[in-house]
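One-based numbering, in listed order, for ligands and for the atoms of each. Position 1 is the first residue of the sequence; numbering continues from there.
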Amino acid sequence: MILAANLKCNHTRASFEQYAKALEEGLAGGISREDEILVFPPASAFCARVKNFTQGAQNFYPAAHGSFTGEIGGDMLAEFDVKTVLIGHSERRAILGESAELIREKFSFAAARGWRIVFCVGEDEAAFAQNCSEEFVAAQLEGIDLKYRNLILAYEPVWAIGTGRSAQCEQIEKMLRSLRTKSSAPLLYGGSVNAENIAKICAIKGCDGVLVGTASWDASKFLELIRVVSHRYTSLP
Ligand code: PEP
């Protein structure tokens with residue numbers, strides 16, 4: 001299973017240092033070889049070195065460097081050895097106004113460098129209500145290389161993100177099945193995953209892991225989630 005933590009705009013450099021320490025210690029006993037932990041902290045909090053999990057970037061601008069005020073380019077990620085990136089998160093699409101064109105540019109830039117891409121898709125409330133989730137997601141995948149070797153796809157219905165209202169297993173299974181017809185990439189579900197529902201979600205046919213927001217912001221809570229799905233992982237800090 002892949003367990004990814006999206007810390008969003010939470011954690012300072014000091015608090016993420018504590019978070020990373022807790023995770024490193026908690027995972028020191030080892031997790032199953034089939035499991036992988038990805039953590040996306042704010043870019044201002046990247047740790048110089050991590051061992052037991054992979055550090056990824058929530059955002060970047062598709063250039064190595066240049067006149068892109070406020071942005072973070074490839075050179076800055078390289079300094080922290082960050083080669084895993086989130087692209088297409090609904091908050092960046094809706095709140096930060098990222099267009100499909102910019103998202104495609106980010107994808108091409110990351111793919112050209114061989115980075116691991118966690119590409120997020122998911123329908124909004126209206127499309128879900130109209131039973132148009134598959135069409136909505138298919139449109140988000142237009143122009144995206146679904147055969148890219150270092151791709152992970154995350155199905156994250158917008159209405160389930162940060163709401164405490166996870167999608168039903170039937171809906172998740174249906175959407176993962178639909179994604180599987182398009183790509184052989186690992187498939188994640190994201191949207192109000194927590195300690196109560198993670199086992200059920202990870203047991204869904206076709207589910208290769210989860211992308212977790214709120215329930216991952218506290219390292220001990222994220223470790224609890226890891227413990228539920230990783231059979232070899234037993235210790236808690
Ligand atoms: C997310 O932001 O990717 C997410 C899944 O958030 P939450 O777990 O809080 O719904």
Side-chain angles (χ1 to χ4, degrees), residues 1-11 15-16 19 23 35-43 45 53-60 82 84-98 103 106-107 110 116-125 127-128 133 136-137 140-141 144 151-169 171-173 175-176 179 185-204 206-229:
M1 285 281 152
I2 297 169
L3 285 107
N6 177 11
L7 304 188
K8 310 195 189 195
C9 191
N10 299 290
H11 280 289
S15 72
F16 184 63
Y19 182 104
L23 219 54
D35 297 324
E36 196 183 353
I37 311 301
L38 312 177
V39 180
F40 297 86
F53 64 92
T54 300
Q55 213 170 202
Q58 296 174 22
N59 182 41
F60 64 96
V82 169
T84 298
V85 291
L86 267 186
I87 301 179
H89 192 280
S90 66
E91 285 157 12
R92 293 213 58 87
R93 292 178 194 262
I95 304 172
L96 283 311
E98 278 194 12
I103 287 169
K106 290 172 79 170
F107 191 101
R116 193 133 191 234
I117 299 173
V118 180
F119 191 76
C120 304
V121 293
E123 79 284 1
D124 59 18
E125 183 97 58
F128 178 63
S133 308
F136 193 101
V137 166
Q140 290 178 318
L141 292 171
I144 297 301
L151 175 65
I152 297 172
L153 287 172
Y155 167 57
E156 296 207 301
V158 177
W159 48 270
I161 295 180
T163 59
R165 185 181 146 218
S166 169
Q168 295 295 310
C169 291
Q171 169 73 5
I172 299 172
E173 190 172 343
M175 293 305 292
L176 297 185
L179 287 172
L187 304 177
L188 311 186
Y189 166 75
S192 296
V193 172
N194 57 40
E196 281 73 52
N197 61 23
I198 189 167
K200 199 170 67 178
I201 289 169
C202 286
I204 293 171
C207 181
D208 299 304
V210 285
L211 176 51
V212 189
T214 316
S216 72
W217 298 346
D218 178 320
S220 64
K221 291 209 175 111
F222 188 45
L223 283 164
E224 290 273 15
L225 299 188
I226 297 168
R227 184 160 63 168
V228 175
V229 297

Non-hydrogen side-chain atoms of Ile152 and Leu188 separated by less than 4.5 Å =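 Yes; the side chains approach each other to less than 4.5 Å.
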TODO: For residues Met1 and Asp208, determine if any side-chain heavy atom of one lies less than 4.5 Å from a side-chain heavy atom of the other.
DONE: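 No, their side chains stay 4.5 Å or more apart.
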Exercise. Could you tell me whether Thr214 approaches ligand 1 through its side chain, its backbone, both or neither, with non-hydrogen atoms closer than 4.0 Å?
Key: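 Answer for Thr214: both.
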I need the contact type for Ala154 against ligand 1. Using non-hydrogen atoms and a strict under-4.0 Å cut-off, is it side chain, backbone, both or neither?
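Answer for Ala154: neither.
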Which residues pass the side chain to side chain contact (heavy atoms under 4.5 Å, CB included) test with Ser90, not counting sequence neighbours?
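By the side chain to side chain contact (heavy atoms under 4.5 Å, CB included) rule, Ser90 matches Val158, Ile161.
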Could you find the nearest protein heavy atom to [atom] and give me its residue, atom name and distance?
| atom | answer |
| --- | --- |
| atom 4 (C) of ligand 1 | Gly213 N, 3.6 Å |
| atom 1 (C) of ligand 1 | His89 NE2, 3.2 Å |
| atom 2 (O) of ligand 1 | Lys8 NZ, 2.6 Å |
| atom 3 (O) of ligand 1 | Glu156 OE2, 2.7 Å |

Atoms of ligand 1, numbered as shown, that sit under 4.0 Å from any heavy atom of [X]:
| X | result |
| --- | --- |
| Ser192 | 7 (P), 8 (O), 10 (O) |
| Asn6 | 1 (C), 2 (O), 3 (O) |
| Ala160 | 10 (O) |
| Gly191 | 5 (C), 10 (O) |

### Sole candidate of His89, Lys106, Arg93 that passes side chain to side chain donor-acceptor pair (under 3.5 Å) when paired with Glu98
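Output: one option passes, namely Lys106.
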**Asked** Is a donor on one side and an acceptor on the other found under 3.5 Å between the side chain of Asn197 and the backbone of Ser192?
**Response**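 It does hold such a pair.
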Item to complete: Please state whether Gly162 comes within less than 4.0 angstrom of ligand 1, counting heavy atoms only.
Response: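 Per 4.0 Å heavy-atom rule, Gly162 contacts ligand 1.
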Any heavy atom of Ser166 sitting closer than 4.0 Å to ligand 1?
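Per 4.0 Å heavy-atom rule, Ser166 does not contact ligand 1.
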Problem - Atom pair OG1/CZ of Thr84 and Phe53 - distance to nearest 0.5 Å - result: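 With rounding to 0.5 Å, OG1 (Thr84) is 11.5 Å from CZ (Phe53).
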### Query
Going by atom types only, do Tyr189 and Gln171 share a side-chain donor-acceptor pair under 3.5 Å?
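Tyr189 vs Gln171: no donor-acceptor pair found between side chains.
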| task | Run the salt-bridge test on Lys221 and Glu224 with the 4.0 Å N-O cut-off and return the result as yes or no. | result |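 So Lys221 does not pair with Glu224 through a salt bridge.
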